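The model shown is predicted, which means the values in this text are computed figures rather than measured ones. Values below: every heavy atom of this structure, side chains too, minus hydrogens, waters and symmetry copies.
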Amino acid sequence: MTHHIALFRFRLSAAQSIGPAALKKLWASACGSNDVNVCRVTSGLSYGDSGRSYSLWAAPSTTNLWAVESRLRQLLADTFPSAAINLTSL
């Protein structure tokens with residue numbers, strides 16, 4: 001397994017969630033590689049409500065991050081059509 005770094009983070013409200021296997025599959029699809037990891041943290045009352053923050057990890061050699069981010073945004077929009085996704089590049 002390759003050393004991974006966090007590349008993106010996003011947040012969902014408490015009413016929405018995605019499991020680790022589904023998130024890893026979505027992230028691998030966006031990256032074009034199965035050599036990825038995901039992490040979920042349940043957060044308290046920041047931004048006015050509780051929710052979950054997700055970090056997406058991949059190899060430091062991941063190329064064309066603009067294209068990866070574009071695919072990731074589309075996949076997240078398709079998965080959570082009513083959510084306001086705040087995706088942050090790290």
Practice problem: Could you walk me through whether S55 and R40 pass the side-chain hydrogen bond (donor to acceptor under 3.5 Å, both in side chains) test, one step at a time? | Solution: CA-CA 6 Å; S55 296; R40 178 177 82 176; over 6 Å; no

Quiz item: Could you walk me through whether V36 and K24 pass the side-chain contact (heavy atoms from CB on, under 4.5 Å) check?
Solution: CA-CA 7 Å; V36 297; K24 190 170 182 178; 3.9 Å; yes

Self-check item: Step-by-step side-chain contact (heavy atoms from CB on, under 4.5 Å) determination, Y54 to L76
Solution: CA-CA 12 Å; Y54 300 85; L76 288 170; over 6 Å; no

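- T62 has its side chain out of reach of S33: every pair of non-hydrogen atoms, C-beta onward, lies at least 4.5 Å apart.
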Self-check item: Stepwise side-chain contact (heavy atoms from CB on, under 4.5 Å) test for L26 and L72
Solution: CA-CA 8 Å; L26 183 144; L72 179 58; 3.6 Å; yes

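- We find the SG-CG distance between C39 and L23 to be 10.0 Å, quoted to the nearest 0.5 Å.
- Counting heavy-atom neighbours within 6.0 Å of R71 CZ, excluding the residue itself, gives a total above 12.
- Atom-to-atom distance recorded for N34:CG and S29:OG is 9.5 Å, nearest 0.5 angstrom.
- When every heavy atom of A58 is checked against every heavy atom of L7, the shortest pair comes out as CB-CD1, 3.7 Å.
- Sorted by first and then second residue, the pairs that involve residues 22-42 and meet ring-ring contact (aromatic ring centres under 6.0 Å, His included), not counting sequence neighbours, are F8-W27.
- Residue pairs satisfying the side-chain hydrogen bond (donor to acceptor under 3.5 Å, both in side chains) criterion with at least one member in residues 73-85, sequence neighbours excluded, are listed as follows: E69-R73, Q74-D78.
- T88 pairs by the side chain to side chain contact (heavy atoms under 4.5 Å, CB included) definition with N86, L90, not counting sequence neighbours.
- The list of salt bridge (charged side-chain N to carboxylate O under 4.0 Å, His left out) pairs with a residue in residues 56-68, not counting sequence neighbours, is empty.
- The ring-ring contact (aromatic ring centres under 6.0 Å, His included) contacts involving residues 56-90 comprise nothing, where partners must be two or more places apart or lie in separate chains.
- Under the 3.5 Å distance criterion, the side-chain polar atoms of H4 are left unmatched by any main-chain donor or acceptor of L56.
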